[in-house]
Structures are given as structure tokens and as C-alpha cells.
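Following: one structure in C-alpha cells, then a few remarks.
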Amino acid sequence: MHTLSRRGFLAAGAAALASVHLPRAALAQGAVPLALSAATRTFDIDGRAATVFGLAGPGGQGLVLDPGQRFRVDLTNTLDVDTIIHWHGQIPPNVQDGVPDMPMPLLAPGETRSYDFEPRPGTHWMHSHVPIQEMQLLAAPLIVRTQDDLTADRQEVVLLLHDFSFKSPEDVLAEITGGQAATGHGGGHGAGHGMGAMPGMGQSEMGDMPMNGMMGMAGMGMDLNDYDFDAYLANDRTLSDPEVVQVERGGRIRLRVINAAAATVFWIDTGAASARLIAVDGHAVQPVPGTRFGLAMGQRLDLEVDLPSEGGAWPILALREGARERTGLILATRGAEVRRLDTVAESEAPAFDTDLAQEQSLVARDALADRPANRSQMLMLAGSMQPYVWTINGATWGSHQPVVARSGERVKLTFHNMSMMGHPMHLHGHAFQVVGLNGLRVAGALRDTVYVPPMSMVTVALDAGEAARWMLHCHHMPHLASGMMTEFAVTASV
């Protein structure tokens with residue numbers, strides 16, 4: 001019987017897998033720009049048609065660039081509404097960052113806009129920076145491969161996670177917020193304007209609170225989930241009809257997981273397949289072995305999964321934190337029996353990283369150079385479910401005070417979460433290193449989105465980049481829509 005080597009197997013299946021998981025871009029550097037379209041699409045969710053948005057590239061939803069390839073893209077808006085796309089995890093010139101009116105306006109229906117910059121390698125994604133559009137699944141993978149990715153003896157699989165409601169995002173936000181969130185792009189950002197500062201403790205009142213006093217509040221009930229969505233999707237499918245990815249016996253998988261959900265934190269459970277966490281937010285970390293790893297909205301993680309030498313099927317499950325719902329895909333060898341899995345687990349998944357143990361386990365492979373900080377600032381994260389208002393330093397977008405720095409300065413930002421919900425904090429135009437967790441100094445991961453659990457503090461360090469206005473916000477879409485955003489205003493160095 002003819003058998004293929006692992007490398008031969010991967011080569012033989014590359015074309016089919018690329019069309020499903022990794023739509024490859026043209027390799028020629030002198031080629032015309034890649035065409036990317038914001039478009040409407042329809043697919044089936046448990047027997048019911050769902051019409052959503054998407055980002056169609058040359059080979060399917062999303063883009064994959066190879067080593068040395070520039071991000072040279074013509075984005076066309078084929079929707080009947082204005083839109084704009086943010087390249088999450090990339091550091092383009094500010095004018096190409098994809099935030100409405102900072103500085104470029106939204107793209108009108110039928111308009112095309114060109115982008116050209118050097119991309120950063122890793123697992124990233126792209127999405128509308130209008131919250132109601134991201135909730136309509138206007139998002140897709142953006143993978144930039146390294147030379148090691150091309151030569152490694154492993155198969156690549158992308159897992160894009162969403163939460164989905166058949167109701168309109170305006171109705172969902174109205175239910176969640178009690179009508180307090182702006183549902184348009186609200187001055188270009190999808191955040192409410194003119195909302196007063198959140199009552200409560202300010203930075204001066206809380207900044208000197210000892211950590212043991214702050215952590216003593218953790219006995220209060222956490223609010224894990226704002227909303228029960230109709231479906232939780234893995235590559236646009238539920239677990240009742242999951243994607244089945246053909247794999248080789250004893251093969252190695254690089255699983256690139258992207259949490260594109262609006263308001264859901266997931267645990268990734270590899271079950272009987274052993275795994276190692278090798279990167280977060282596109283940046284390599286010292287490998288961390290395990291079978292369950294979590295990620296908040298906007299975050300990405302890369303797992304190396306080693307499959308047993310015998311044939312079989314291995315579910316890769318995404319578990320909704322604090323709940324029983326789950327989604328995922330299945331890795332299966334040819335001819336293996338694939339059993340049906342319930343979309344609801346027998347027990348609830350725990351809350352994600354409330355003690356920051358996972359974050360503390362991460363060590364950057366390519367840390368920032370050690371240098372003293374030129375400036376440090378505390379950012380107080382606050383808010384409540386009733387009234388539904390979420391703030392940074394006591395203010396919502398429109399009444400915010402920018403976080404300031406000069407280009408080239410080393411800056412430390414401490415996110416101090418005094419609310420009972422976790423906040424995935426995302427900074428545009430920069431990568432930062434996690435250097436402090438609840439007062440403990442660490443040499444943590446490089447990231448662009450860090451999860452700050454309730455009643456916790458996370459400190460990050462970064463080198464201020466291009467002199468421009470960069471968004472800094474919570475990546476929980478209802479929080480963002482209700483104004484949980486400020487700006488990192490970088491001025492030119494003297």
C-alpha cells in the first residue's frame with residue numbers, strides 16, 4: 001500500500017487546506033495589490049439561514065501573507081453601509097490604521113481604498129471598527145507567515161471564534177445596555193458621546209490602595225457574560241455541524257486561534273491531544289504545555305498540537321467561560337469515526353484567569369530591551385451593569401483625557417480594574433510587554449490586547465511609536481459601544 005510521509009501528506013493536501021483555512025496571497029512582490037472586499041454573505045446555522053458581513057480575499061475569508069510579502073491591499077466596500085477595517089495586531093502608518101475619522105473617514109458604499117505597509121508576522125485578524133458591524137461578523141483572519149512556517153513539518157489550521165445572534169446588533173446592544181450604548185459609529189468610533197463620568201472612586205482615591213485590600217473585594221460576584229447569544233461559531237459553524245479537518249496520524253498541527261467574539265471569553269480545550277502554547281497575539285512565548293488555554297476578545301493564541309500515532313478524531317473545543325455552551329472543530333484522520341458532540345457541556349467552564357495564572361506563565365521569546373520608563377500612568381477601569389456605563393479614568397469617549405507620550409519614550413501603563421467584569425484592553429499601533437501582575441514584576445508576553453480580570457492590576461511597557469492619535473479601548477463590544485475608550489496621543493520627540 002502506498003503511504004505518504006508527513007511532509008508528502010502536507011504537500012498533497014496543501015491546496016485543499018489552503019482554500020478552507022489559509023487563503024494564500026500571491027508571492028510575487030511586484031504583483032498587483034490583493035483585492036479584499038467587505039461584503040454580505042449567507043450561511044447556515046443549525047438549519048437557519050444567517051446573513052452576515054465578511055471580508056473576502058483572493059481565496060476565501062481573510063488573508064494570508066508569506067515571508068517578505070508586503071501588505072498591499074485594495075479594500076472595496078461592497079456593503080450598503082459605510083465601513084472601515086482595522087488591521088488588528090499590525091502597526092501600519094497611522095493614516096492606514098482603520099479607525100473612523102482618525103484621520104481617514106469611513107468608506108462609502110462602492111468606495112475602494114489602498115493600503116501598503118510592511119506587515120508584522122504572526123496570527124492576527126482584521127475587523128470593522130464599528131461595533132455593530134463587528135457583531136455582524138465583519139471580521140476575518142490575517143495571517144503573516146514566517147520562513148519557519150513554510151519549512152516546518154506541521155499542518156496549519158485557523159480557528160476563528162464568534163458569538164452570534166439572529167437579532168440585529170442594535171437590538172442586542174439595547175438589551176445589554178438598557179439603551180445606553182450608541183449603536184452607530186458615533187463620531188467615528190461606535191462609542192457614545194456626551195456621557196457623564198462614572199461616579200465612584202477616582203485614581204487619586206484608589207491608586208494607593210494596597211493590593212491585599214483590593215484583592216479582598218474579589219469575593220464580590222463577578223459578571224462574566226452580558227448576553228446569551230443564539231450561537232457560538234468556529235469558522236462559521238456550530239458544534240452540531242462542525243468543520244472536520246483531515247490530519248495525518250502522528251502529525252503536528254499549528255493551531256492559530258482568534259477570538260473575534262463581541263462579548264465572549266473562551267477556553268480552548270484540546271482534550272486527548274497534547275498541546276503547547278507557543279505564541280500569543282502573534283508574538284512567540286516560551287512553550288507552555290497543557291490542554292486548556294483561555295483567550296479574551298481580540299486576543300490570539302497559537303498552539304502546537306501533537307497527534308497520537310494511531311488514527312482517530314480529536315475535538316478542539318472552545319468553551320464559553322462561566323457557562324456550558326461550546327463550539328469547535330474536529331481533527332480527524334482519513335476514515336476515522338467522527339462522533340456527534342453536544343453544543344452544551346455537562347458542566348460550566350470556569351471564569352478565565354481570575355488569578356492571572358495563565359498570564360503569569362507566559363515569558364516572551366523576544367522581550368523589549370531593558371530600559372527605565374520615561375513616564376508611567378495608571379488607567380482606572382470602572383463601570384457597572386446598572387446603569388450600563390464603562391469608563392477609563394472616570395470618563396467615556398468624548399469626555400476622555402488622552403494618555404500622552406512622546407515618540408521614542410518608554411511608557412508604562414497600569415490597568416487597574418475596579419469593576420466586576422474583565423476587560424480586554426487593546427492598544428492600536430503598538431506592541432507592549434506585560435511587566436506587572438497585581439504588583440508582581442514579570443517578564444511576560446508581548447501583546448497588543450491584555451485581559452484585566454475583575455479587581456486586578458496589569459502593567460505593560462511599550463516604546464511610543466509614530467506621533468499620532470492611537471485608540472486605546474476595551475475590546476468587549478458593548479463596553480466599547482458605551483464609551484470605554486480613550487486615546488494614546490503621541491507627540492513628536494523634541
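Quick note: residue numbers are just sequence positions, from 1.
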Inset, instruction - Using modelled atom types only, decide if a donor and an acceptor are shared between the side chain of Asp342 and the backbone of Val344 within a distance under 3.5 Å. - result: no
Inset, instruction - Walk me through it: do Leu34 and Leu36 pass the test side chain to side chain contact (heavy atoms under 4.5 Å, CB included)? - result: CA-CA 6 Å; Leu34 300 173; Leu36 183 68; over 6 Å; no
Inset, instruction - Decide yes or no for Met484 and Thr391: does some side-chain heavy atom of the first lie under 4.5 Å from some side-chain heavy atom of the second? - result: no
Legend entry - Where His86 and Gly98 come nearest, the two heavy atoms and their spacing: CB-O, 3.6 Å
Inset, instruction - Flag the pair Met471 / Trp397 as yes when at least one side-chain heavy-atom distance between them is below 4.5 Å, and no otherwise. - result: yes
Inset, instruction - Rounded to the nearest 0.5 Å, what's the gap from CE on Met418 to CE on Met380? Could you check? - result: 6.0 Å
Inset, instruction - Measure the shortest side-chain to side-chain distance between Leu362 and Val288 over non-hydrogen atoms and say whether it is less than 4.5 angstrom. - result: yes
Inset, instruction - Take Glu346 and Arg324, measure what side chain to side chain contact (heavy atoms under 4.5 Å, CB included) needs, and give me the verdict at the end. - result: CA-CA 7 Å; Glu346 293 182 358; Arg324 296 172 57 199; 5.6 Å; no
Inset, instruction - Mark yes when over 12 heavy atoms from residues, nucleotides or ligands other than Arg339 sit less than 6.0 Å from its CZ; otherwise mark no. - result: no
Inset, instruction - Quick one: sort the His129 and His428 rings into parallel, tilted or perpendicular, breaks at 30° and 60°. - result: perpendicular
Inset, instruction - Look up atom CH2 in Trp267 and atom OG1 in Thr291, then write down how far apart they are to the nearest 0.5 Å. - result: 10.5 Å
Legend entry - Distance in Å, Leu413 CG paired with Met425 CE, rounded so as to fall on 0.5 Å steps: 9.5 Å
Legend entry - Atom of Val490, atom of Ala464 and distance for their closest heavy-atom approach: CG1-CB, 4.1 Å
Inset, instruction - Determine whether Arg70 and Asp116 make a side-chain contact, defined as any pair of heavy atoms from C-beta on separated by less than 4.5 Å. - result: yes
Legend entry - Derivation of the side chain to side chain contact (heavy atoms under 4.5 Å, CB included) call for Val460 and Leu427: CA-CA 11 Å; Val460 303; Leu427 175 61; over 6 Å; no
Inset, instruction - Scan for salt bridge (charged side-chain N to carboxylate O under 4.0 Å, His left out) pairs involving residues 478-492, sequence neighbours excluded, and state none if there are none. - result: Arg469-Glu487
Legend entry - Over all atoms of both residues, closest heavy-atom pair of Leu356 and Met457: CD1-O, 4.2 Å
Inset, instruction - Assess the pair His423 and Trp390: is the distance between their ring centroids shorter than 6.0 Å? - result: yes
Legend entry - Audit row: Arg300, Thr123, side chain to side chain donor-acceptor pair (under 3.5 Å) steps and yes/no: CA-CA 7 Å; Arg300 292 85 68 207; Thr123 301; over 6 Å; no
Inset, instruction - Under the ring-ring contact (aromatic ring centres under 6.0 Å, His included) rule, collect the residues that match up with Tyr232, sequence neighbours excluded. - result: none
Inset, instruction - Give, for atom CD1 of Ile91 and atom CD of Glu118, the distance between the pair rounded to the nearest 0.5 Å. - result: 11.0 Å
Legend entry - Gln401 atom CD, over 12 foreign heavy atoms within 6.0 Å: no
Legend entry - Val435 and Arg441, any side-chain heavy atoms less than 4.5 Å apart: no
Legend entry - Distance in Å, Leu233 CG paired with Leu137 CG, rounded so as to fall on 0.5 Å steps: 6.0 Å
Inset, instruction - Give, for atom CG of Asp302 and atom CD of Glu156, the distance between the pair rounded to the nearest 0.5 Å. - result: 8.5 Å
Legend entry - 4.5 Å side-chain heavy-atom contact, Arg406 and Arg375: yes
Inset, instruction - Give a yes-or-no answer on whether the side chains of Glu466 and Asn94 include a donor-acceptor pair shorter than 3.5 Å. - result: no
Inset, instruction - Please name the pair of heavy atoms, one in Arg371 and one in Asp463, separated by the smallest distance, quoted to 0.1 Å. - result: NH1-OD1, 3.2 Å
Legend entry - Distance flag, aromatic centroids of His475 and Trp125, threshold under 6.0 Å: yes
Legend entry - Side-chain heavy-atom pair Leu55, Leu63 within 4.5 angstrom cut-off: no
Legend entry - Nearest heavy-atom neighbours spanning Gln133 and Ser128: OE1-OG, 2.8 Å
Legend entry - Where Leu75 and Ala38 come nearest, the two heavy atoms and their spacing: CD1-N, 4.2 Å
Inset, instruction - For residues Leu160 and Asn235, determine if any side-chain heavy atom of one lies less than 4.5 Å from a side-chain heavy atom of the other. - result: yes
Inset, instruction - Let me see the working for Glu359 and Arg447 under side chain to side chain contact (heavy atoms under 4.5 Å, CB included), right down to the final yes or no. - result: CA-CA 11 Å; Glu359 197 66 45; Arg447 287 192 171 280; 2.9 Å; yes
Inset, instruction - Would you confirm whether Ser456, through its side chain, and Val452, through its main-chain N or O, come within 3.5 Å as a donor-acceptor pair? - result: no
